[in-house]
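The structure appears right after this line, and notes come after that.
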2 protein chains.
Amino acid sequence: MFRLETRRRIGALRCLLLSCLVLAGSCDRSSGGDSAPAEETPPATFGALGTRVLVVERSSGSLAVYDYARRELAPERIEGLADLSHATMTFSPDLRWGFLATRGGKLHRIDLHALKVDGEVATSSNSIDNAVSHDGRTIAVAEYVPGGVSIVDVATLEVRKRHEATFQRDGQTLTSRVTGMVDVPGNRFACVLIEGQEIWILDASKPEAPITLRVPSGEGMPYDAMITPDGRYYVVGKLNSAQVAVLDLARPEAGVREVLLEDAEMFRKRNTPAKLPHMASWAVANEHVFVPLVGEERLAVLDRRTFGYVGSVPLRGHPVYAVRSPSEREIWVSFSGEEDDSFIDVIDAETLATTQTIEVGRRVYHFDFTPRGSHVLATANADDRLVLIDASTYEVVDVETLRSPSGIFGPWRAFRLGL
Amino acid sequence: MFRLETRRRIGALRCLLLSCLVLAGSCDRSSGGDSAPAEETPPATFGALGTRVLVVERSSGSLAVYDYARRELAPERIEGLADLSHATMTFSPDLRWGFLATRGGKLHRIDLHALKVDGEVATSSNSIDNAVSHDGRTIAVAEYVPGGVSIVDVATLEVRKRHEATFQRDGQTLTSRVTGMVDVPGNRFACVLIEGQEIWILDASKPEAPITLRVPSGEGMPYDAMITPDGRYYVVGKLNSAQVAVLDLARPEAGVREVLLEDAEMFRKRNTPAKLPHMASWAVANEHVFVPLVGEERLAVLDRRTFGYVGSVPLRGHPVYAVRSPSEREIWVSFSGEEDDSFIDVIDAETLATTQTIEVGRRVYHFDFTPRGSHVLATANADDRLVLIDASTYEVVDVETLRSPSGIFGPWRAFRLGL
């Protein structure tokens with residue numbers, strides 16, 4: 001866009017010049033360049049693409065830009081975005097764009113090089129999440145209102161198709177909210193209908209991304225879903241249930257397996273199921289899945305293949321996120337509740353002991369490892385802080401002030417399945 | 001560079017314009033733009049950073065550029081590079097640069113955005129490989145002649161330090177070749193001395209990257225080494241030996257363990273050890289390591305944690321590379337020998353059966369998965385071919401003609417440990 005404008009400008013200037021019939025004398029080239037108005041100056045690029053993260057600022061509808069290698073915040077933000085509550089960003093495989101689906105139903109396209117909003121489209125009046133197809137051509141947006149899936153063209157931002165999420169109950173046709181949108185191997189998408197209690201598989205290799213398979217998600221109302229990092233299992237969490245539905249994406253026709261996330265004996269005794277947080281917060285490391293249980297001071301540990309209950313890890317407080325280190329040697333955990341939510345605890349993935357406690361700032365909302373695991377980036381929402389932690393020494397090595405920061409999104413997500 | 005020139009040009013044009021005292025009339029803006037001479041046109045950037053791979057063309061000392069999303073080869077190559085035999089490329093974490101160490105001892109820095117050589121430095125007269133530190137500031141180059149490690153500044157390309165690889169034998173001080181250079185968690189490097197039979201750990205957080213630990217690599221002459229993708233184990237292969245030395249990088253002071261890569265009974269009977277190919281060709285998937293054995297029609301299968309021999313996978317011919325799919329569900333294998341070297345076979349990682357045979361072209365030299373596993377890129381050296389394979393259908397979906405192509409390097413390597 002900049003280049004096109006520059007070319008036009010040069011063209012217009014030459015054109016004017018040729019209209020003059022007076023031969024000009026010599027002149028100072030540099031002074032002319034220095035006095036060029038702002039629109040001719042190339043936009044200052046801040047930092048470098050690979051080490052630059054975008055941080056959602058919820059209260060101001062903006063994205064802050066931080067380069068963790070330089071340890072510097074960009075002087076300018078990406079502004080004018082819609083309601084960014086719970087907004088997660090996906091990336092195009094070619095690293096040109098990031099995409100944000102919003103609670104106001106707008107899908108924003110962010111230019112990752114120019115650090116600007118590069119287009120937007122209204123897909124609904126309330127969107128929850130989105131995924132980019134493996135061929136980089138299609139975005140699927142999960143919609144709450146009206147419930148369904150919008151299929152959007154990455155290049156033109158045209159809505160190619162709206163799949164209405166309808167289902168039958170007691171002879172009536174009803175509409176369902178949709179959530180848990182992820183990319184799936186084979187250039188597919190998966191999502192789940194909340195009221196419809198159905199998993200959909202969509203084929204992104206066709207322009208309208210038709211629904212190729214509908215699989216009942218079993219008992220209970222889904223509220224979120226995740227895909228394991230190897231792309232094998234799609235796991236659906238359900239409200240007020242200790243069971244999750246697991247779909248093997250290698251054999252989706254076989255339907256879901258219902259898996260109990262607790263020791264069966266303990267579950268019978270208490271008869272009150274553990275609650276689950278957002279599924280994005282599960283950590284898959286080595287042979288285990290670590291699941292934060294809402295309102296309990298422990299992580300459940302499951303077998304990665306069978307999803308059978310293996311045991312649990314005692315914690316200082318109620319867990320929110322569990323994130324594995326790229327080495328798979330540690331699980332980092334954040335907490336809810338005033339007494340604990342300033343801390344990230346580090347769990348040894350082998351001994352299951354807490355080995356470190358790191359003070360980050362009040363209300364840790366999100367955190368992520370840099371791709372080779374050298375650092376962790378974390379936001380402390382109530383203290384308006386973005387924090388950089390050295391993952392070898394566990395020391396906070398940089399603190400920046402942001403406006404009500406939440407999600408942190410690095411370009412490495414473009415190269416990972418299900419993110 | 002382009003931008004600077006454009007600004008000067010605009011400045012000069014305006015300056016000339018202001019010299020004219022004649023007010024110009026209206027004119028067609030677009031025609032002026034269209035007739036702009038070549039030097040004012042921004043250089044066409046080819047493809048996009050995230051889906052662009054660089055392919056070594058050995059015979060011509062050049063890098064071809066291919067965008068696998070567009071399925072197009074760039075019209076221009078990156079030319080004028082030194083001897084690129086066995087050259088592997090590493091990437092800076094910020095995705096600004098790629099680095100090639102060469103058999104002529106030159107380290108080339110490639111600008112990944114401009115697709116141009118952006119600097120070079122002679123570090124020796126024969127380099128074998130290199131690694132970039134996790135903080136992105138330092139490159140360590142493993143040198144054959146004179147043997148040692150060169151510590152190079154990423155930004156200035158200044159050689160900050162040369163660690164000479166000397167060792168004592170029979171009262172004499174000798175120099176050793178160095179190989180197997182990798183990045184290690186904790187902002188460290190690891191490498192191994194071939195004649196010196198010693199593993200070095202270097203601390204990249206200090207400007208000269210001092211050697212902080214020297215660990216004997218045990219019996220036999222090392223020829224190459226690798227680090228497991230989780231950064232936990234450094235594995236040293238030895239000439240004419242069925243044993244590898246395994247160093248646990250969490251406890252490097254404990255020294256190496258010697259591990260037999262064959263069934264002990266089989267080894268006693270035959271009394272001739274299996275040979276090993278380049279260690280970069282090992283595949284770590286799920287709980288297993290798949291090791292191509294040179295001159296045998298099988299892959300050895302080892303336990304990922306103990307490196308104990310588990311079994312072997314029968315193959316059509318002598319394996320060269322074994323690469324796991326990002327899903328860890330498949331191992332793709334290439335072969336040596338005229339009868340087999342045109343093919344890639346696909347092994348199911350669970351059943352260990354060969355499920356697919358893909359004809360690529362004569363002498364498959366290298367191949368790699370795209371980051372989410374949708375495609376495989378492969379070079380057929382003897383047929384001057386780069387091939388794109390759909391990893392779901394196993395069909396060849398694009399073929400490009402290159403000059404004696406070998407290694408294929410995508411930017412996702414910047415985000416992976418040990419690459």
Side-chain angles (χ1 to χ4, degrees), chain A residues 3 6-17 19-22 24-25 27-34 36 40-42 47-51 69 92-96 134-136 183 185-187 230-232 250 287 326-329 370-374 392 411-412 414-417, chain B residues 3 6-17 19-22 24-25 27-34 36 40-42 47-51 69 92-96 134-136 183 185-187 230-232 250 287 326-329 370-374 392 411-412 414-417:
Chain A
R3 285 174 170 159
T6 308
R7 280 188 66 177
R8 280 203 190 126
R9 190 95 193 172
I10 294 171
L13 285 168
R14 179 183 296 105
C15 183
L16 279 166
L17 188 67
S19 305
C20 306
L21 296 169
V22 181
C27 64
D28 182 355
R29 292 177 73 190
S30 66
S31 70
D34 286 345
E40 282 171 8
T41 311
L49 180 62
T51 47
S92 65
D94 62 5
L95 284 175
R96 287 181 66 191
H134 287 190
D135 67 8
D183 58 283
N187 206 31
D230 60 5
R232 177 70 182 260
E287 287 74 54
S327 69
E328 304 193 23
R329 265 189 256 171
T370 57
R372 293 189 185 216
S374 66
S392 298
W412 46 87
F415 298 147
R416 297 211 191 131
L417 208 134
Chain B
R3 285 171 171 162
T6 307
R7 280 187 67 178
R8 281 205 190 123
R9 190 90 194 176
I10 293 171
L13 285 168
R14 178 182 297 106
C15 182
L16 279 166
L17 189 66
S19 306
C20 305
L21 297 170
V22 182
C27 64
D28 179 4
R29 293 176 72 190
S30 65
S31 69
D34 288 343
E40 283 172 6
T41 310
L49 179 61
T51 46
S92 66
D94 63 5
L95 284 175
R96 286 182 67 191
H134 287 189
D135 68 8
D183 58 284
N187 208 29
D230 59 6
R232 177 71 181 259
E287 288 73 54
S327 70
E328 304 194 23
R329 265 188 256 172
T370 58
R372 293 188 184 216
S374 66
S392 298
W412 46 86
F415 298 147
R416 297 213 189 129
L417 207 135

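Chain naming here is simple, since letters A, B, ... match the order of the sequence lines and numbering starts at 1 in each.
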* **Greatest number of heavy atom pairs closer than 4.5 Å to chain B - which of Gly373(A), Pro411(A), Ala414(A), Ser374(A)** => Ala414(A)
* By side chain to side chain contact (heavy atoms under 4.5 Å, CB included), which residues pair with Pro371(A), not counting sequence neighbours? -> Tyr68(A), Trp412(A), Arg416(A), Phe415(B)
* Asked: What is the minimum heavy-atom distance between Arg372(B) and Leu417(A), and which atoms define it?
  -> O-CD1, 3.7 Å
* To do: Name all residues meeting the side chain to side chain contact (heavy atoms under 4.5 Å, CB included) criterion together with Arg232(B); count only those two or more places apart in sequence or in a different chain, and write none if there are none.
  => Arg329(A), Glu350(A), Thr228(B), Asp230(B), Asp248(B), Ala250(B), Arg251(B)
* Contact class of Thr51(A) relative to chain B, heavy atoms under 4.5 angstrom -> both
* Given a strict heavy-atom distance threshold of 4.5 Å, which part of Pro326(A) is in contact with chain B: side chain, backbone, both, or neither? -> backbone
* Find the one option among Ser92(A), Ser327(A), Gly136(A), Gly231(A) whose heavy-atom pairs under 4.5 Å with chain B are most numerous. => Ser327(A)
* Asked: Which value, rounded to the nearest 0.5 Å, describes the distance between Asp135(A) atom CG and Asn187(A) atom CG?
  -> 4.0 Å
